[in-house]
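This report refers to the structure that appears directly beneath it.
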Amino acid sequence: MDWVSDSDEKNSDNFSWETDEDDKESPADPPGEASEAGPSQPSLYSHFIGMGFSGDMVEKAIKENGEGNVETILETLLTYSAIGNSPSDCEDAPAECPVTSDEYSFDSDIDTDDPNDQDFIEGPQEKDKKLLILVDMGFSPEEADAAIERCGLDSSVLELADSIHAAQMAEEPEGIGWDCPKTRFEAAEGSSYGSTRKKRSLIEVKRKLKRSCLSQRRRDYVRKSTVDFDDAPLAIPKPMIGFGIPFEKCITRRSLPEAAIGPPYFYYENVALAPKGVWDTISRFLYDIEPEFVDSKYFCAAARKRAYIHNLPIENRFPLLPIPAKTIQEALPMTRQWWPQWDKRTQLNCLQTCIASAKLTERIRKALENYGDLPPPRVQEYVLAECRKWNLVWVGHHKVAPLEPDEVEMLLGFPNNHTRGGGISRTERYKSLGNSFQVNTVAYHLSVLKSMFPNGINLLSLFSGIGGAEVALHKLGIHLKTVVSVEKSEVNRNILRSFWEQTNQKGNLIDLDDVQLLNGDRLESLMKRYGGFDLVIGGSPCNNLAGSNRHTRDGLEGEHSSLFFDYFRILDLVKSIMVKNL
DNA sequence: TTTAAGATGAAGAGGTCA
DNA sequence: TGACCTCTTCATCTTAAA
């Protein structure tokens, strides 16, 4: 077993794969300690730099839109990228596109008297930034430098990359590419040539620009009463069974957008009932794949409405055995003797991060103690409402209680005592469990990997939490050759480490604490050492999406939930690096 | 300093009914 | 079809207790 923590990386001289290059501060890295990454401007700045935009564009876009509006900043950046320095270019945009040169002109907003804008126009700093971005895109420094010489420093990164690509096309023979499936670039361009990393990025940027125009149009016209099919938000299917559930008739075939096909496999999860438009945006970024909406009540005794976007096959899925109980009374048999006839619940609601207080259960006991087995309707209604709200179960006569952490572990499909011990408090256990995957549900989706990777898989696990993905794969009997796990919470990292040790894993566990530190160089280094990733899995924070959040339900622009864009950024980098190394 | 308790609504889906 | 209603929701913040 080889386990390496992020802190060990920094402190150990034995960490051979970590080169000195990795220690150099990249412009994509936020300043300060890794664990301090947050919503501040440097973080946003590095966030978008990591996506391949120039520093000046990012600064300008943040200045225009404010720090809080991540999606608008992104759309502005995509617009900048496509129109480059020529506002007139945007006039060639589709007629319905509301982006005018007046609104999004890049040059026209430059104040030549402003030293900041002067830096933007020209300067060594700008050249360095463009060089770095091009290198990060996968071009060699020589190619990047030659392109700047050819096109001039005023050229946009997009134009420079186009120029490099043109030079590559002139040099490379035709017919090089993936055998099957087609690459995203091939799909987009109809080319027979296997894509380079940047070539695909260009297509993506252009595609997103088009979509950003559509999105802008959507914002402008959505208030009108006319119904446009394209503008209809994603509908949540009913029943919420995704492509199917065990032992029921399932959909076994689907057509993925071609841009989504190809290594690595990926699997993204978040709350299904997010604010309107969130899943449209997530889907748009994740290669236009339709989300699979699944309620875990079909897999266990608790509801958990989640959506999953993945490019996994959906044929020949199989469930984990034994099949978990699907009713409260079967899952928690000790409650049967106390369960009143007038409480018709058979399943629990979503298991959240907080539980009911002792005072509430005391109030319920007092409300019931004056009555026999059949309290009056108003008392029943009050008690049932609180029971549904807090997932209370009957543990005695007139006595309800919140679930114990062990019971939550069991309902979510984790091993007994998975989160217990090792210094974790009861409150932290509830919080970590409330934020985790339902293992049986995820395992059902991942089960198709077992026959595809008989010798095990390399896993990049983003926002790992308490290791729901790792547990699911382990329970499926899929050997974990290498797991690069990124999780900010030390408590959660300790839980995963404990799982790794308790289950005698023989593979490598590399443990990082901040997704924002995973830049192209570091990913390439990891992938070079371990041979790439077979699966990129993660569920980014839901804090700003969840209905329970009364304070900061800000959608994907929220402080925590905007980390989705890091999932996308990292996934796109992994795809690009793997294509490049084919 | 850490942990737990208690108070804090709103968004959105879905059902019913006129 | 739209108004109205019920139900559900991977949470956050402040304060008190240990």
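Only heavy atoms go into these numbers, but all of them, side chains included; no hydrogens, no water, no symmetry mates. The sequence lines fix the lettering, A, B, ..., with proteins before strands; numbering per chain opens at 1.
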Reckon A/Q352 has a side-chain N or O less than 4.0 Å from the OP1 or OP2 of C/dA11? yes
Protein and nucleotides 4-8 of chain C: nitrogen or oxygen contacts under 3.5 angstrom:
unit_1, atom_1, unit_2, atom_2, d
C/dT8, OP2, A/R388, NE, 3.2

How about CZ on A/R420, more than 12 heavy atoms from neighbouring residues, nucleotides or ligands closer than 6.0 Å, or not? no
With distance as the sole criterion, do the side chain of A/Q438 and the base of C/dC10 form a donor-acceptor contact below 3.5 Å? no
Please examine the side chains of A/I364 and A/L392, heavy atoms only from C-beta on, and report whether any two atoms are closer than 4.5 Å. yes
Taking the side chain of A/R553 as heavy atoms from C-beta outward, which of B/dT3, B/dA13, B/dA11 is closest to it? B/dA11
Salt bridge or not between A/R429 and A/E404? Use side-chain N to carboxylate O under 4.0 Å. no
So does A/S436 get a side-chain nitrogen or oxygen closer than 4.0 Å to the phosphate oxygens (OP1/OP2) of C/dC10? no
Under the 3.5 angstrom rule, does the side chain of A/N311 hit a backbone N or O of A/P263 as a donor-acceptor pair? no
Residue A/E490 excluded, over 12 heavy atoms near CD under 6.0 Å: no
Taking atom P of C/dA11 as reference, at what distance in whole Å does atom CG of A/D554 sit? 15 Å
Just compare C/dC10, B/dA11, B/dA7 and give me whichever is closest to any side-chain atom of A/R363. B/dA7
Closest of C/dC10, B/dG9, B/dA5 to the A/R304 side chain is C/dC10
Separation of B/dA7 P from A/W390 CH2 (nearest whole Å): 10 Å
Geometric class of the A/Y287/A/F568 ring pair [parallel <30°, tilted 30-60°, perpendicular >60°]: tilted
OP1 or OP2 of C/dC10 sitting under 4.0 Å from any side-chain N/O of A/T353? no
Counting C-beta onward and ignoring hydrogens, is there a side-chain heavy-atom pair between A/V471 and A/K475 closer than 4.5 Å? yes
Of A/I355 and A/A274, whose closest DNA chain B nucleotide lies nearer the 5' terminus? A/I355
State whether a side-chain donor-acceptor pair under 3.5 Å links A/N519 with A/R522. no
Protein-nucleotide distance (A/R550, atom CZ; C/dA11, atom C1'), rounded to Å: 9 Å
Give the nucleotide from the list B/dG6, C/dC10, B/dG12 with an atom nearest to the side chain of A/K359. B/dG6
So what is the 5' to 3' dot-bracket string for DNA chain C, if pairs are Watson-Crick or G-U wobble with both distances under 3.5 Å, crossing pairs use [ ] and | means the partner sits on another strand? |||||||||.||||||||
Would you call A/E369 and A/R365 a salt bridge, using N to O less than 4.0 angstrom? yes
Give a yes/no on whether any side-chain N or O of A/S548 is located under 4.0 angstrom from OP1 or OP2 of C/dA11. yes
Mind checking if A/E381 touches a base, just sugar-phosphate, or nothing, with heavy atoms under 4.0 Å? nothing
For A/P319 and A/F247 the tightest heavy-atom approach is CG-CZ, 4.0 Å
Just call it for A/S540: base, sugar-phosphate, or nothing, with non-hydrogen atoms closer than 4.0 Å on any strand. base
Rounded to whole angstroms, how far apart are CG on A/L348 and P on C/dT9? 10 Å
Give the rounded distance in Å between these two atoms: CZ of A/F437 and C1' of C/dC10. 11 Å
What orientation do A/H445 and A/Y267 show, parallel under 30°, tilted 30 to 60°, or perpendicular over 60°? tilted
Mind checking whether A/Y268 and A/Y567 have parallel, tilted or perpendicular rings, split at 30° and 60°? tilted
Atom-to-atom span, CG of A/N549 to C1' of B/dA7 - whole angstrom: 15 Å
Would you mind listing every ring pair (Phe, Tyr, Trp, His ring centres under 6.0 Å) that reaches into residues 359-390 of chain A, with sequence neighbours excluded? none
Cation-pi check, A/K575 to A/F266: give yes when NZ or CZ is under 6.0 Å from the six-membered ring centre and within 45° of the ring axis, no otherwise. no
Between A/S548 and A/Q352, is any side-chain donor less than 3.5 angstrom from a side-chain acceptor? yes
Any residue meeting side chain to side chain donor-acceptor pair (under 3.5 Å) with A/R254, in chain and number order, not counting sequence neighbours: A/H310
Toward the 5' end of DNA chain B, by each residue's nearest nucleotide, A/R426 or A/M240: A/R426
With P as the reference atom in both, quote the distance from B/dA7 to C/dC10 in angstrom, rounded to an integer. 23 Å
May I have the distance from A/N492 (atom CG) to C/dC10 (atom C1'), rounded to whole angstrom? 12 Å
Between N or O atoms, less than 3.5 Å apart, protein on one side and nucleotides 13-18 of chain C on the other: list the pairs.
none

From CG of A/N544 over to C1' of C/dA11, roughly how many Å is that when rounded to an integer? 10 Å
So if I take residues 399-413 of chain A and measure heavy-atom distances to DNA chain C, which residues fall below 4.0 Å? none
